[in-house]
Amino acid sequence: MGSRLSITLLALAAFTTATQAQDKDKTGDIIARGEYLARAGDCTACHTAPEGRLFAGGRAMPTPFGTLYTSNITPDPETGIGKWSADDFYRTMHNGRFPDGGLIYPAMPFASYTKVTRADSDAIFAYLRSIPPVSQRNRPHELRFPYDNRQLILGWRTLFFSEGEFKPDPTKSAEWNRGAYLVEGLGHCGMCHSPINALGGTSQSDAFKGGLIPMQNWYAPSLTSNREAGLGDWSIKDITDLLQTGVSARGVVYGPMAEVVHNSLQYLSDEDTKAMAVYLKGISEPSPPPPPASSALPTTESSLLISLGKTVYDKNCASCHGTQGEGKPPHWPPLANNQSIEMQSAVNPIRMVLNGGYPPGTKGNPMPYGMPPFAGLLSDNEVAAVVSYIRTAWGNRGTPVSAREANELRSAPLN
């Protein structure tokens, strides 16, 4: 009897140990999945301040209405989300409200995160619960009157917020739908790549049609128009290369998009990156024939600028980008037939000439080639001239820019 009992107890102990190990493995899998999804959502970009602790918040977010400061989402029980439940976290993501019902300012992209599934929300929450807690109180926002009245968010929500998880399109492939879920939901790409009106919102009909990023003075091009960043005539490989490494045979990312690739997109799986590429390629719209190029500058002034621009280009740019704008892909992008050069907005090429920059350092491109700044070498007239030249040379259909436009962007923030 005693020996049988011992065997039974040993078997029970072994079963319990195996079950605990399985539960631990399952918890570890959920946490790893949550970390992956948090990267897909680029949570660190907002919730980690420069020189700050991971996810401790405190990052300043300048807006046209004042400055917002991001919140502490570490598991600290007093200053973070340590007392939250998984239900609390899901309601915050899904509804844009704090656990106590308080309204969240839409700088947090809950209009996109509402599409996130409950399972993915729970995984992200499990990951956030696993990171070291940081005791750091949230800094009060500094908004001008009347925008410091949170009740105004009710009006914004009525106009611009539609609650609801992502619904797959049954007429599309599983891959397309996965890409749509990532782009429209966790990736919240529409936050930058859609025009933002005076109320800080975007209508659904204008989704992904491009616009100037408020307070940053970078232009996020349209993802639907093939005359801007629409990817309809790009290969899937060119798109995935750009998303994963920041460089491809068709172009290079700089500015805010370089941060997105560095913090988020380079960590996505090949399958998810390809799904995003399939979706982005699929939402591009056929471009109508381009209208004749027109400029607000007088013809004589435009001609003089472009003539000066060729001289500036040959001296400072041709060694990397080629005498005919052919470039040396992927490190030195072509400027001829380059959509980012020809767009209606000339903000990005002007800023690149003034400030230079690097594509992000990524696993696929760990030592990126950069472009030096020319703000200290070229006058406003010379900057305008060279940008006008590259926007109109080699068959490009952009328009000339003025010295005033160049001067205005000299004071644009660098981060």
Side-chain angles (χ1 to χ4, degrees), residues 38 41-49 55-74 79-81 83-118 120-121 124-125 128 136-166 183-209 211-216 220 256:
D42 201 8
C43 303
T44 186
C46 292
H47 289 280
T48 304
F55 294 134
R59 178 163 187 162
M61 304 283 286
T63 78
F65 315 106
T67 301
L68 297 166
Y69 294 92
T70 58
S71 58
N72 182 345
I73 56 172
T74 72
T79 64
I81 61 172
K83 293 181 179 179
W84 289 24
S85 67
D87 288 340
D88 291 334
F89 186 76
Y90 177 71
R91 281 193 294 267
T92 300
M93 293 272 283
H94 191 70
N95 299 332
R97 287 179 178 270
F98 291 109
D100 63 3
L103 296 163
I104 296 177
Y105 283 102
M108 187 269 201
F110 59 81
S112 298
Y113 288 166
T114 188
K115 298 178 184 291
V116 174
T117 65
R118 177 61 193 259
D120 282 354
S121 173
I124 295 171
F125 182 66
L128 293 176
Q136 178 174 297
R137 296 201 175 277
N138 293 326
R139 183 171 174 177
H141 301 314
E142 298 172 357
L143 296 172
R144 299 191 306 277
F145 178 82
Y147 307 111
D148 54 352
N149 181 357
R150 284 185 184 265
Q151 294 307 305
L152 293 178
I153 302 174
L154 290 171
W156 187 95
R157 291 168 64 99
T158 299
L159 293 171
F160 305 116
F161 177 52
S162 297
E163 179 185 326
E165 286 189 10
F166 175 78
V183 170
E184 296 179 10
L186 274 174
H188 59 283
C189 305
M191 282 284 286
C192 289
H193 288 278
S194 301
I196 298 175
N197 59 33
L199 297 177
T202 299
S203 65
Q204 188 59 39
S205 61
D206 286 335
F208 302 119
K209 290 188 176 179
L212 193 69
I213 303 175
M215 313 303 291
Q216 292 192 36

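Numbers for residues simply follow the sequence, beginning at 1. Atoms considered below: every heavy atom in the structure, side chains included; atoms not considered: hydrogens, waters and symmetry mates.
For residues 83-93, the pairs satisfying salt bridge (charged side-chain N to carboxylate O under 4.0 Å, His left out) are Glu78-Lys83, Asp87-Arg118, Asp88-Arg91, with sequence neighbours left out. Evaluation of the salt bridge (charged side-chain N to carboxylate O under 4.0 Å, His left out) test over residues 186-195, restricted to residues two or more places apart or in two chains, returns none. Each side-chain hydrogen bond (donor to acceptor under 3.5 Å, both in side chains) pair with one or both residues in residues 148-160, not counting sequence neighbours, would appear here, but there are none.
Atom CD1 of residue Ile213 and atom CE of residue Met215 lie 12.5 Å apart, to the nearest 0.5 angstrom. With values rounded to the nearest 0.5 angstrom, Ile196 atom CD1 is found 11.5 Å from Asp206 atom CG. Atom CG of Asp42 and atom NE2 of His47 lie 10.5 Å apart (nearest 0.5 Å). With values rounded to the nearest 0.5 angstrom, Ile73 atom CD1 is found 9.5 Å from Cys46 atom SG. Here Phe166 contributes atom CZ and Ser112 contributes atom OG; the two are 12.5 Å apart, rounded to the nearest 0.5 Å. Here Phe65 contributes atom CZ and His141 contributes atom NE2; the two are 14.0 Å apart, rounded to the nearest 0.5 Å.
Under the rule for a side chain to side chain contact (heavy atoms under 4.5 Å, CB included), the partners of Ala49 that lie at least two apart in sequence or sit in another chain are Arg59. Partners of Phe125 according to the ring pair (Phe, Tyr, Trp, His ring centres under 6.0 Å) rule, which considers only residues two or more places apart in sequence or in another chain, are Phe89. Not counting sequence neighbours, the partners of Tyr90 by the side-chain hydrogen bond (donor to acceptor under 3.5 Å, both in side chains) test are His94, Glu165. Residues meeting the side-chain hydrogen bond (donor to acceptor under 3.5 Å, both in side chains) test with Asp120, sequence neighbours left out: Tyr181. Residues satisfying the side-chain hydrogen bond (donor to acceptor under 3.5 Å, both in side chains) test with Glu184, not counting sequence neighbours, are Tyr279. Every residue meeting the side chain to side chain contact (heavy atoms under 4.5 Å, CB included) condition with Thr79, not counting sequence neighbours, appears here in chain and number order: Asn72, Asp76, Ser135, Arg137. Residues passing the side-chain hydrogen bond (donor to acceptor under 3.5 Å, both in side chains) test with Ser71, sequence neighbours excluded: none.
Nearest approach of Cys192 to Ala220, heavy atoms of both residues: O-CB, 3.1 Å. Minimum interatomic distance between Pro146 and Leu152 (heavy atoms only, all atoms of both residues): O-CD1, 3.1 Å. Taking every heavy atom of both residues into account, Ala60 and Thr67 meet most closely at CB-CG2, 4.0 Å. Closest approach of Gln216 to Pro256, counting heavy atoms only: OE1-CG, 3.3 Å. Across Val116 and Ser121, no two heavy atoms sit closer than the pair CG1-N, 3.9 Å. Scanning both residues, Ser194 and Phe208, for their nearest heavy atoms gives OG-N, 2.7 Å.
In this structure, the side chains of Ile81 and Leu128 come closer than 4.5 Å at one or more pairs of heavy atoms. Inter-residue side-chain proximity for Leu143 and Leu68 is flagged as met; some heavy-atom pair is nearer than 4.5 Å. Under the 4.5 Å side-chain criterion, counting only non-hydrogen atoms from C-beta, Met93 is in contact with Ile124.
Without hydrogens or angle criteria, Tyr113 side chain to Gly41 main chain gives a donor-acceptor distance under 3.5 Å. Panel note: side chain Thr74, backbone Ala56; no donor-acceptor pair is recorded below 3.5 Å. A donor-acceptor pair under 3.5 Å is formed between the side chain of Asn197 and the backbone N or O of Gly200.
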For residues 96-111, which side-chain N or O atoms pair as donor and acceptor with protein atoms under 3.5 Å away, sequence neighbours left out?
| residue | atom | partner | partner atom | Å |
| --- | --- | --- | --- | --- |
| Arg97 | NH1 | Gly101 | O | 2.7 |
| Asp100 | OD1 | Gly102 | N | 2.9 |
| Tyr105 | OH | Tyr147 | O | 3.0 |

